[in-house]
2 protein chains.
Amino acid sequence: MKMEDVKQVLKKHDIQPTNQRVIILNYLMNNYDHPSCDKIYDELSAIYPIMNRATIYNSLNLFVEKGILSPIYLNDKCRYEIKKPGHGHFICQECQKITDFSVNLNNSYSLDGYEVLNTDITFRGICPLCLEKKKEE
Amino acid sequence: MKMEDVKQVLKKHDIQPTNQRVIILNYLMNNYDHPSCDKIYDELSAIYPIMNRATIYNSLNLFVEKGILSPIYLNDKCRYEIKKPGHGHFICQECQKITDFSVNLNNSYSLDGYEVLNTDITFRGICPLCLEKKKEE
DNA sequence: ACTCATTTTAGAACAATTATAATTTTATAG
DNA sequence: CTATAAAATTATAATTGTTCTAAAATGAGT
């Protein structure tokens, strides 16, 4: 995905495509790691010295509000991914790695009267790599 | 549930049933509100002056670790409930109220190699009360 | 180019949670 | 029933993720 395309995505969501926002969204569209604001800051500020923490927080909040990103709330810090339906997350308690897996909720779950805006299916446990490490000990 | 029963629950989970722990767990077993540490502190310290914030954090973390409680991670503070399977949460974006609803995940979700320790299904949106309020405006 | 609204920035402020070190409570052995 | 050691609680400081504030910079529309 080219920078010009990222701009189009921003415009389509009624967001002014400023330099910083394009850089941040571009990073997220090419990163499937569910990064935290911290990680985004570290990686981007190494490349673009003109990048402030507050700007990243502002942008991430805006993108979530406008429906481009989904936040993933953990015990410590929030992490982000491009919003797309049909998947859930496995979060490893040991290494904090987040893995996507496909899922479809066909049931309606009798939530009459509630306006459901997004759904979130999260499994927690230990990932294969960490299980292996534990065995070795 | 009597205090004596709460003690038994703690013992069954290999936790020393100290006064504070019994008081905290008793509170949670009679409260279906998914309270935050803050709320637990406010309510309990009004009744029992001998109640420290750190103690409540310590106890909640211990209870989660030992499998008595489930944490519910929100954007700001963590909230807690007695762990029991077969339900998900609806979280209202306006008033932050958490509502339980029953759910059963029968699929296995192809997570071979992962050790899944708990599952969490959360819907977010607007609850009926807040929808009503918004209409009035 | 000029004006006004919007963004970005640096830094302070804030709030939830954890760490520290001293004191108190609890469990255990004599 | 004491003496002793281990564990829990406490007050307080420290840490950390995030938001706020006010000033400077950028961008859009005339």
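Please read these numbers as outputs of a predicted model, since none were measured by experiment. First the proteins, then the strands, lettered A, B, ... as listed; each starts at 1. Keep in mind that the numbers below use all heavy atoms, side chains included, and drop hydrogens, waters and symmetry copies.
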Rounded to whole Å, how long is the line connecting atom [atom1] of [X] with atom [atom2] of [N]?
X: Ile24(B); N: dA8(D); atom1: CD1; atom2: P; result: 13 Å
X: Glu65(A); N: dT19(D); atom1: CD; atom2: P; result: 12 Å
X: Tyr73(B); N: dG17(D); atom1: OH; atom2: C1'; result: 15 Å
X: Tyr48(B); N: dT25(C); atom1: OH; atom2: C1'; result: 18 Å

Evaluate salt bridge (Lys or Arg N to Asp or Glu O under 4.0 Å) for Asp120(B) paired with Arg124(A), printing each intermediate quantity in order. CA-CA 8 Å; Asp120(B) 172 10; Arg124(A) 281 162 224 271; 3.7 Å; yes
Taking five pairs at each end of the helix from dA1(C)-dT30(D) to dG30(C)-dC1(D), what angle separates the two helix axes (nearest 10°)?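 About 30°, once rounded to a multiple of 10°.
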Tyr27(B) backbone acceptor or donor facing Asn31(B) side chain under 3.5 Å: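 No; judged by distance alone, with no hydrogens or angles, the pair does not exist.
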Okay, side chain of Thr55(B), backbone of Met51(B): is any donor-acceptor separation there less than 3.5 Å?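 Such a contact is absent between Thr55(B) side chain and Met51(B) backbone.
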Sub-4.5 Å side-chain heavy-atom contact between [X] and [Y]:
X: Val6(B); Y: Ile23(B); result: no
X: Asp100(B); Y: His89(B); result: yes
X: Leu62(B); Y: Arg21(B); result: yes
X: Tyr80(B); Y: Ser70(B); result: no

Side-chain ion pair, Glu94(B) and Lys134(B), N-O less than 4.0 Å: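 Yes.
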Would you give a per-nucleotide map of nucleotides 2-18 of chain C, 5' to 3', where B means the base has a protein non-hydrogen atom under 4.0 Å away, S means only the sugar-phosphate does, and - means neither? ----SSSBB-----SBB
